[in-house]
Amino acid sequence: MNDPGSHLALPAIDYGYLEETLLQLLAIPSPVGLTDAAVRYTAGRLEALGIPYEITRRGAIRATLRGQASQPARAVVAHLDTLGAMVRALKPNGRLDIVPIGHWSARFAEGGRLTVFTDHGQVRGTCLPLKTSGHAFGDEVDAQPVGWEQVEVRVDLPATCREDLLAAGLEVGDWIAFDPQPEIQPGGYINARYLDDKAAVAALLTACKAVRDHRLVLPVDVHPLLTITEEIGSGASAALHGEIAEMVSLDISIAAEGQNTSEHAATICMQDMSGPFDYHLTHKLIALAHAHGIPHRRDIFRYYRSDSAAAVEAGNDIRTALIGFGGDASHAQERTHRDALEALTRLVVAYMTSEPVARRDCRSMGSLDGFTEQLCPGDMAVPSTPLPAPETFLGDPAPEGEAQKR
């Protein structure tokens, strides 16, 4: 691989900064639609690093790390928004009927402590199944189905009817954030809700810090993007501009039975629900991981989409790739390991300091000159066995007289 970035030693990663950033992000509730505080925090983090940025109307952040050339520019994307819930109805029993924000199972909401954000303040509460106490319902506790219609929120107020909830300022449409419950083990394991995608945001900011601290040379402009609606599908489409030719999304990668991902490595995703990622950009990331000795796995995710899909579906003609930190129990009680976060951060730094896939990509349209190549003509030979000529093994079935007429 003829890429100067693949031959340079990577600087040490400031893991203390990464962990501090992660815990601070986890302390900020940011379900989709309630992300302003997370945006303000991240903007402050960029300012402290001396990295200029712009913010869209709703809060997506596009920062800029200047390179030796402005084009073809690249983006590295992570999302600030998380899963959550919203009040659907005030129930006659003084509890709240809720619906999810984003796609996640109610089984992981059961028992969760949470905050309801009203128009004028906050109310604490707990998400419980409709039948909770075995002393009251016996075996029915175990027999009830799982679903959002099977849970309710018990608020920590003297509320026994709908009127009590209204008097306390609770309304339909109030946002709900579940507690992240972080726990970092001495051995490196990190447990919490919302590692998706706050761990990747922390990794991206740490990679930016490495570029700044070590004055790393970037061949082309890099735009760190922080999006706010990934969990509901729109993602990076709002913060891109025409100069961006490559986009790498950072997100949780799925460590589960049947998957190749590990909690101790970065993952390079080859395909998700939206289809294969760009061949050249993906293989560039694989080559960088090999060149720098970064622990990594390749994987395919069948029930997964990321910011990259939203960007392409919005009509952007860009190369996209997806890399992530290996994590267990995504959209539930998530867990990853320091190893995966360090590996992801190092891979981001390697990518930022590497040459673009094709300098030709600085133009949206062009000739074949400089265009990429996947298969050479010699790679396209299709093995086949020639069929024998039928006259060599079939006799003439026609009667002798008929054959003579012909």
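None of these values were measured; they are calculated from a predicted model.
- For Arg45 and Glu20, the salt-bridge test passes: some basic side-chain N is under 4.0 Å from an acidic carboxylate O.
- Other residues, nucleotides and ligands contribute over 12 non-hydrogen atoms within 6.0 Å of the CZ atom of Arg212.
- Judged by a 6.0 Å distance limit and a 45° cone about the ring axis, Arg338 is positioned over the six-membered ring of Tyr15.
- Geometrically, Arg335 engages Tyr189 in a cation-pi contact defined by less than 6.0 Å to the ring centre and at most 45° from the axis.
- Counting heavy atoms of neighbouring residues, nucleotides and ligands inside a 6.0 Å radius, atom CG of Asp139 does not exceed 12 of them.
- Considering NE2 of His296 and OG1 of Thr267, their distance stands at 10.0 Å, rounded to 0.5 Å.
- With a 4.5 Å cut-off on side-chain heavy atoms, Pro219 and Arg359 count as touching.
- Atom CZ of Phe371 sits in a sparse spot, with 12 or fewer heavy atoms from other residues, nucleotides or ligands closer than 6.0 Å.
- Geometric assessment of Arg74 against the ring of Tyr351 yields a positive cation-pi assignment under the 6.0 Å and 45° thresholds.
- Counting non-hydrogen atoms of neighbouring residues, nucleotides and ligands closer than 6.0 angstrom, the NE2 atom of His103 reaches no more than 12 such neighbours.
- The neighbour count for Leu368 CG, taken as heavy atoms of other residues, nucleotides or ligands under 6.0 Å away, does not exceed 12.
- Between Arg124 and Asp156, no side-chain nitrogen of the basic residue sits less than 4.0 Å from a carboxylate oxygen of the acidic one, so the salt-bridge criterion is not met.
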